[in-house]
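Taking it in order: structure first as structure tokens, then the write-up.
Every heavy atom of this structure was used, including side-chain atoms; hydrogens, water molecules and symmetry mates were not. Quick caveat, the model's predicted, so the values are computed rather than measured.
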Amino acid sequence: MKTRKLGWMLLGVASLACSGRYNVGGMDATGGVGGNRGAAGGAAPGGASPSAAGVPVVGPGGDAGNGTPGGIAPDCLEAIAPEPLSGPFAEPAVVWRRVAMLTGGDSLAPPQLPAETSYEWAAGLVPMAIANAHLKLGTAPGVETFLRQWLRLAPDAPFVTNWGALVPVPTPVLQTLLSTTAKPNRTGIFTEPSWLAKNTNISTRGVSIERSLFGTETPPAPLGRVPNPEPNPNLTDRQALETEITSPTCSSCHRLMDPSGFALGHFAADGSYRRLDHDQPIDPSGSRFSRRGDSSIEFDGIADFGQKFANTCEATLGFSDAFLSAVLVINQAPAFAQDDLFRGSQARVQQAFINGGRTYHALVTGYIQSPAGLRP
């Protein structure tokens, strides 16, 4: 599929090689609150989203997952509710399978299906599928299918955190993905060992975060690139990188893609946690320049990074776009049609995501009520 600019600033990388227990609003390890599993649901009156036990689920910083995008940047609030689509639509069994692949997985049996697909019927499939998955399976394995595709991991890549139980809870999904603590020193999905072990250094981690969270793509490293120098055992990874990218050609691009990777300085190339790097203190701080607001956000470590970016407009729209791209692959949209389906559905999915409180429910519902989800 062609690289999509998506209205974002394309990172002009001249050379990439110039150089447990869960803690999100009191959820337990099963993904529930007060001993119950998180299930499907919507916004409750007054703003707080109910958990399966009827207890409001509050994300980090006290931001409840409500029906409005609380805390999000003002320029994202202009999104309006998508207009209904009219047919022709795919057969009900096809539409159900597209939802099931993102919720309960391909083993989830379909409910009684109508004679034909309607826009309104499609809207009710997501909470139904998630509730059935939790009832029958205790989790929603389709969520992890999406996460692996989103992160470009192998289909069998393991996760430390039970994201299938946590992500469907009706709170803003980026809060869950970026601020869940599964084990000591591991906060957010970018501390998953399988992802860290695939993305082994500052720059590759930064590139992956920029793509999956902010919707920015980087072109492949050009031919004739400068080879990587030998590691210096007297320098930390960050110090070594900074000595390798002093030329303007390298530094102009690395200053855009490396800051996100700095946040993960406490994780070695194999994904293990470390307190020192080459027997020296680690500096996981950074400052990331927003390509939407001409401003910078400073952070100190991956937990602080997640807390500060989860509610930004740039991450909200970038994640929505990355979700849609991943779903088109998961549900096997023809390669020749994916770009057209993406462009025809992008704004609708963004609108539904923002208007639905930025939950996973809203994201999947926006997809299944878009041309990408409903068309034959």
For [X], check side-chain contact (heavy atoms from CB on, under 4.5 Å) against everything at least two apart and list the hits.
X    : result
A337 : P334, L341
A81  : none
N185 : Y273, R275
E298 : S287

Side chains of N234 and Q239, donor plus acceptor under 3.5 Å: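 There is no such pair (donor and acceptor under 3.5 Å, judged by atom type) between the side chains of N234 and Q239.
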
With sequence neighbours excluded, residues passing side-chain hydrogen bond (donor to acceptor under 3.5 Å, both in side chains) with D270: S272

Set of side-chain hydrogen bond (donor to acceptor under 3.5 Å, both in side chains) partners for N201, sequence neighbours left out: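 By the side-chain hydrogen bond (donor to acceptor under 3.5 Å, both in side chains) rule, N201 matches T204.
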
ring-ring contact (aromatic ring centres under 6.0 Å, His included) contacts in which one or both residues fall within residues 85-132, not counting sequence neighbours: none

Of all pairs that satisfy salt bridge (charged side-chain N to carboxylate O under 4.0 Å, His left out), the ones with a partner from residues 146-166, not counting sequence neighbours: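 Residue pairs passing salt bridge (charged side-chain N to carboxylate O under 4.0 Å, His left out), neighbours aside: E144-R148, R152-E217.
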
Qualifying salt bridge (charged side-chain N to carboxylate O under 4.0 Å, His left out) pairs with a residue from residues 82-98, counting only residues at least two apart or across chains: none

[X]: which residues meet the salt bridge (charged side-chain N to carboxylate O under 4.0 Å, His left out) condition with it, sequence neighbours left out?
X    : answer
D300 : none
R205 : none
K308 : D304

Parallel, tilted or perpendicular: ring planes of F146 versus W150, cut at 30 and 60 degrees: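 The rings of F146 and W150 lie parallel, inter-plane angle below 30°.
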
